[in-house]
Amino acid sequence: MLGDTCVAVNPEDSRYKHLVGKDVMLPLVGRRIPIIADEYADMEKGTGCVKITPAHDFNDYEVGKRNELPMINVLTFNADIREEGQTFNFDGTLNEEMSGFIPEKYRGMERFAARKEIVADFDAAGLLVEIVENDMVIPYGDRGGVVIEPMLTDQWYVDAKTMAKPAISAVENGDIEFVPKSYENMYFSWMNNIQDWCISRQLWWGHRIPAWYDDQGKVYVAQNEAAVREKYKLDASVNLSQDNDVLDTWFSSALWTFATQGWPNLDDPEVAKRLADFHPSDVLVTGFDIIFFWVARMIMMTMHFCKDGNGKPQVPFKTVYVTGLIRDETGAKMSKSKGNVLDPIDMIDGIDIDGLLEKRTGSMMQPKDAEKISKRTKKEFPEGISAHGTDALRFTLAALASTGRDISWDMKRLEGYRNFCNKIWNASRYVMLSVAGDDVVEAAAENGTKIVITDAMKAACGAGGEEAVLSLADRWIISRLQFVEAEVTRHFDNYRFDLAAQALYEFIWNEYCGWYLELSKPVLWDENSSVEAKRGTLGTLVRVLEATMRLAHPIMPFITEEIWQQVKVLAGKDGETIMLAPYPEAQDAFRDADAEADIKWLQDVITAVRNIRGEKNIPPSKPLDLLFKNGGDDDFRRAEENQTFLKKLAQLDNLTWMNEGDEEPMSVTQLVGDMEVLIPMAGFIDKDKEVERLIKSVEKLDKEIERVNNKLGNPGFTDKAPPAVIDKEKEKAAGFARDITKLKDQIEKIKAL
RNA sequence: AGGACUAUAGCUCAGUUGGUUAGAGCGCUACCUUGACAUGGUAGAGGUCCCCAGUUCGAAUCUGGGUAGUCCUACCA
């Protein structure tokens, strides 16, 4: 009421049209104020008339500016009523005409008391018609918890619209790229609607505003006081005092890429060189929630202050990699007051439940919150958090970092990747056991020392280039290593840390540990293997492990360094640390499509046998006989060449190739390509169950073949689809048909037995 | 209110420009103390790709509408 400078009605409001342009007398203060028409007044609300207080309300401020109304500041910095209102024109200059008079009884009064008093005085004067409940959202201060009152103050502003223009085009023309790209929309929508930026803050911590005032309040701006005196030719007789305000933290932060290199001391040759070398920088990694606050401001400020040799504005960085936020297991944002914050250190080192409770509730201001949080914490982590290690945490973050989405933290994933670290460690243990022998490895483990690498060990691995023969498995894993190297590199290049992590996981666990280590055993444990063959396998074990450690190092720095230090010499490498070792690069010369195809066949046969064991509940310890049937030349060759591998990994006694017309014993069958794998099971087989199992497979294939045939029978498909797609479908159909024929044969045979 | 994003297995998530029998890890089931590892091994079950319509020979994928959720911005005399 004390600061009102007009009454607004809606221009469409027929009730009040005739009053627009007239004045009313503001009660209590006796101020004469105009009635104006402004669409801000809502005809539906209340009387449809609303009083306007431009100095103490955001909306009213806008109305005031639109209608060029004066503004009257009636509050002190304590939010008490002033002795007299300060009256300004809409452009901020002092207003001499409108009175800022405040009745004596309100002067110096606390704001809420004054409000009550004014309502009471309205009532007493017979001016109060009714009091209506009105729900509204009022902003409260974070720190003090009191209602925030907008008011007029002097502040420093940056003309953001002007600065935004080059910053927008830098992203439009690709000088700066967001990853993922979709965040560019967010950036544009912010930059295109940018408001002038208030950069002054009333805090004690920060860069002080470089503005000085003389005793008359006249303002001078320059880099420092001496510069001010020189620039404005002020001698020592003029008293100068610097503005007490400091710069917005984002203003200071926006200087980061160049200020850290020594800007603005460009005359210093070292600073100039640093800027030339390191500016613009490459990649900024940040959360999407500060694209507005920081990223946009950095781009604007840098392009304003930094120019290249031709005067073209420099960007601060070329790529902005935007991460998601880590949320808790229920998807809620982590916050202290909710008590759902997980400290990375606790996941690395572990913490007991008491320590965790103390951490989460120790500094709570509200005791009732503390109780809730401690209950929740006890339920979620009854035993506290166990130690998982740095590498596991880092790997988990990489694996979960798919682009453009938040991460709901999953402790189970962390456990899985801790197990992965353990797996790697044990694989390296197997390699060292194979190279150095049990006694040496165990002695070293007991003493906590490294295994001393002898010349004999090096020679056993072929580290000096001694003659070696590679097994099929050796050639296969070397070929697969090329593949994973290329994959991981590609994913890193695309900022797909999740896919890089997945490729590493898949290769190390399934291919290297799951298959290759097992395939190395028949060679290493066979007394009849030649020295060269053993050297080939040992050398491959060691070299692939060494390269894999370098490949995984960015995501698991510690365990890879530890293992690398042990195996580097065996792999013929040297160097102080894995950190300085070159990153692996795939080499086409080491790719071996034949070896990959052969091993694929081997895996399929072994899996087929294991499948039969699983289905029929035959323990792995019981050796079986295996019959091959209907294979081609490749099948025959592969079976011949890989007898040792097959016997060891599938636990087989005899391998027999069936010829046309041979009597077929009662067997369980699996298909491997065109070939059939048979396990004779006279006496153990349940005829009905086996038939049932086979019928189920046939039914599944029938469905597939029906689908494919429908497709192929559709002229729309055969006319319009690309030939490659059609061929693929035809091939599929033929394959299904072959399989069905074989399975049906098998069903007949079993039924006939 | 305006804008953006998300929806795929019980859970956490992949699925590149439309053509896969829709994948991974965890969890689940059965079996296994085989000389790296039970923080392990082998095999397996589990999906109306939120709903509706459209485009197309063909849609988890593209378009429109709807539902649910998350976030940002603004405002509510």
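What's counted below: heavy atoms across the whole structure, side chains too, no hydrogens, waters or symmetry copies. What you see is a predicted model; the values in this text were computed from it and never measured. Chain naming here is simple, since letters A, B, ... match the order of the sequence lines and numbering starts at 1 in each.
- Residue A:K711 places at least one side-chain N or O under 4.0 Å from the OP1 or OP2 atom of B:U20.
- Annotation: salt bridge (Lys or Arg N to Asp or Glu O under 4.0 Å) contacts of A:D604 (sequence neighbours excluded): A:K600.
- Across B:A36, B:U21, B:A14, the shortest atom-to-atom separation from the side chain of A:F736 is found for B:U21.
- A straight line from NZ of A:K622 to P of B:U34 spans 18 Å, rounded to a whole angstrom.
- Judged by distance alone, the side chains of A:T53 and A:Y61 never bring a donor and an acceptor atom under 3.5 Å apart.
- A:N611 has a side-chain polar atom (N or O) that falls below the 4.0 Å cut-off from OP1 or OP2 of B:G44.
- The side chain of A:F717 approaches B:G19 more closely than any other nucleotide in the set B:G19, B:G41, B:A36.
- Remark: B:C5 base-pairs with B:G69; criterion is Watson-Crick or G-U wobble with both hydrogen-bond distances under 3.5 Å.
- Between B:U21 and A:R707, a contact under 4.0 Å exists linking OP1 or OP2 to a side-chain N or O.
- Listed pair A:K423 / B:G41 meets the phosphate criterion, a side-chain N or O lying under 4.0 Å from OP1 or OP2.
- When both distances must be under 3.5 Å, the Watson-Crick or G-U wobble mate of B:A77 does not exist.
- In this structure, B:G25 forms a base pair with B:C11, meeting either the Watson-Crick or the G-U wobble geometry with both donor-acceptor distances under 3.5 Å.
- Under 3.5 Å, the side chains of A:N67 and A:D38 contain a donor-acceptor pair of N or O atoms.
- In this structure, A:S621 reaches neither bases nor backbone, as no heavy-atom distance under 4.0 Å exists between it and the strands shown.
- Nucleotide B:G35 forms a pair with no other nucleotide shown, judged by Watson-Crick or G-U wobble geometry with both contacts under 3.5 Å.
- Here A:R429 lies in heavy-atom contact (under 4.0 Å) with sugar-phosphate atoms only.
- The distance between atom CZ of A:R613 and atom P of B:A43, rounded to the nearest whole Å, is 12 Å.
- In this structure, A:L538 places its CG atom 14 Å from P of B:A36, rounding to the nearest Å.
- Distance alone, capped at 3.5 Å, is enough to place a donor-acceptor pair between the A:E184 side chain and the A:F178 backbone.
- Residue contacts shown for A:F292 are limited to sugar-phosphate atoms, with no base heavy atom under 4.0 Å away.
- Protein atom CH2 of A:W409 is 13 Å distant from nucleotide atom C1' of B:C13, rounded to whole Å.
- Using a 4.0 Å cut-off, no side-chain N or O of A:K412 falls inside it from OP1 or OP2 of B:G27.
- Phosphate contact (OP1/OP2 of B:A36, side-chain N/O of A:K521, threshold under 4.0 Å): present.
- With both pairing distances under 3.5 Å, B:A59 is matched to nothing as a Watson-Crick or G-U wobble pair.
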